[in-house]
Amino acid sequence: MADSPLAWWRRQGLRFRLTVAAAAVLALALALSASVLVSVLERALMDTVDESTRQQAQAVRVAADGGTLTSPITTHDGTLVQVIDDRGRITHVTYGTDRLVPLLDARARAKVLAEGKATLLDGRPYAIPGFLRVIVLRADRGQTVVAARPISEIQTSLVTAGKVLLIGTPALVVLLAVASWLMIGRTLRPIAALRKGAADITHTARSRRLPVPESRDEVHSLATTLNGMLSRLEEAEQRQRGLVSDAAHELRSPLASIRLQLEVALGHPEGQDWRETAEGVLEDTLRLSRLAEDLLALARLDERGGVPARREPVDLDEVVRQSADRYAEARLTVCDPVVVRGDALDLSRVLTNLMDNAVRHTASKVEVALTADGVLTVTDDGPGIPAQDRERVFNRFTRLDTGRSRDEGGAGLGLAIVRETVRAHGGTVSLEDAEPGLRVVITLPVARG
Ligand SMILES: Nc1ncnc2c1ncn2[C@@H]1O[C@H](COP(=O)(O)OP(=O)(O)OP(=O)(O)O)[C@@H](O)[C@H]1O
Ligand SMILES: [Mg+2]
């Protein structure tokens, strides 16, 4: 199967990729600096040779100008010199230098003179191994001094330097690659530990945490963040489990009651008042269906994650009037119009839940008030709720009067639904002491314009 190199590269492990990338960058940098080094070295060596050759040539020119040239000419450093007269004949040379053939012909001499710089010359035609640096100077009476210096030593030095670099550079690159491989391996070890820890969590019991490395680095904060997430998930799961067991518990008693009534009725059919049985069973069935509805309502609120089902303009005053009118104890003080954005059905469920509670606990009457700026209060004159329980009662399946008989009140979901719904509508709920009794205060944002 055809596979692009890029895809192959992406499939490799982080350790491999980091090591190769580091080694490649270092190799490039070293190669670049090696080539710069060699060329600078070459330049410097050439300049030194040119300078000393020029000095030798100048000394010879001075002697030629003064007519004190000896034959052969003597130089200290093996520089080859030819003095050529105006007719192109070689008049003086250093020892061992060709007397007949000039190192540079007339045209080449003129060119080098004009340039004023040393030139490179292949020495092989003159039986000299390697290359020569050649300087040309003009002397009096049309004479020309040609000085040449073999540079085979320079070439040898450069080749040696090149060889050292050629071996040293790859060795350095390999050293760095090995060091990177080891260091990256060390760095990645805590991540491997995290991965293993995470794998263990899925295979074994839940209440587990990921290993947190001692170093205070990114992996440490990743591990602590993930552990925080795990504990939040665990809590959520525990809450969920609690909710399921509470719900099962609440379902059990009406079901047991239905079963008992039916068993008794069927066990002793003689003289049985079937109507009474049916009424009892119906009551329990209503309880069950209320519980199912409340659970469904909460599940929907959870699902939506704090957003109402609809965002339509709702006449809150109308909702309050319609919901409260069904209760004989209700006394209404309602401003109109009060328009909020949201879901009318959800809001009327809030009212119903509050009215149910208030009517159940009140001694005489229930006051319902709605102000123009969206503050709704439901006040009863019953026993109220002690301050320390006023937050707790909003939790699901929380009932304070646990000893009550089963036909009073429900599962303890009413206030939980109230709070979730009001929150989804962008409002707040609080419980206050009405001395005597309880006042529920709900503030909803009013839609204007
Ligand atoms: N107006 C009130 N006066 C005194 N106590 C109250 C009042 N309203 C609620 N409570 C207490 O708060 C608890 C929780 O109320 P909530 O409405 O959540 O549940 P519930 O009425 O018991 O059941 P549900 O509403 O699901 O039928 C009630 O059990 C009750 O003890
Ligand atoms: Mg209630």
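Remember, it's 1-based here, ligands and their atoms both numbered in the order they're listed. Predicted model only: the values in this text are computed from it and were never measured.
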Under 4.0 Å to a heavy atom of [X] - the qualifying atoms of ligand 1, by number:
| X | answer |
| --- | --- |
| Asp380 | 1 (N), 2 (C) |
| Thr398 | 13 (C), 14 (C) |
| Arg290 | 24 (P), 26 (O), 27 (O) |
| Leu415 | 15 (O), 16 (P), 17 (O), 18 (O) |
| Leu400 | 29 (O), 31 (O) |
| Arg399 | 22 (O), 29 (O) |

Could you tell me if the side chain of [Y] sits less than 4.5 Å from the side chain of [X], heavy atoms only?
| X | Y | answer |
| --- | --- | --- |
| Val20 | Trp9 | yes |
| Leu444 | Ile442 | yes |
| Ile417 | Asp294 | yes |
| Arg133 | Met46 | yes |

Counting heavy atoms only, which of [options] comes nearest to [atom]?
| atom | options | answer |
| --- | --- | --- |
| atom 4 (C) of ligand 1 | Arg390, Arg360, His361 | His361 |
| atom 10 (N) of ligand 1 | Thr352, Asp381, Ile385, Asn357 | Ile385 |
| atom 20 (P) of ligand 1 | Pro383, Ala411, Gly412 | Gly412 |

Can a non-hydrogen atom of Leu438 be found less than 4.0 Å from any atom of ligand 1? yes
Proximity flag Gly382 to ligand 1, non-hydrogen atoms under 4.0 Å: no
Might you work through the side-chain contact (heavy atoms from CB on, under 4.5 Å) test for Thr333 and Glu367, ending with a clear yes or no? CA-CA 8 Å; Thr333 325; Glu367 279 167 17; over 6 Å; no
Considering all heavy atoms, the nearest Arg390-Leu431 contact: O-CD1, 3.4 Å
Could you pull out the closest heavy-atom pair between Val368 and Ala324, with the gap in Å? CG2-CB, 4.5 Å
Quick check: does Ala416 get an N/O under 3.5 Å from an N/O on ligand 1? no
Could you say whether the N/O atoms of Leu413 and ligand 1 ever approach to under 3.5 Å? yes
Electrostatic pair Arg287:Glu283 at N-O distance under 4.0 angstrom: no
Is the distance from the Mg ion (ligand 2) to the nearest N/O/S atom of Asn357 under 2.8 Å? yes
For a side-chain contact (heavy atoms from CB on, under 4.5 Å) check, start with the C-alpha distance between Val446 and Val339, then their side-chain angles and the critical distance, and finish with the verdict. CA-CA 6 Å; Val446 178; Val339 180; 5.5 Å; no
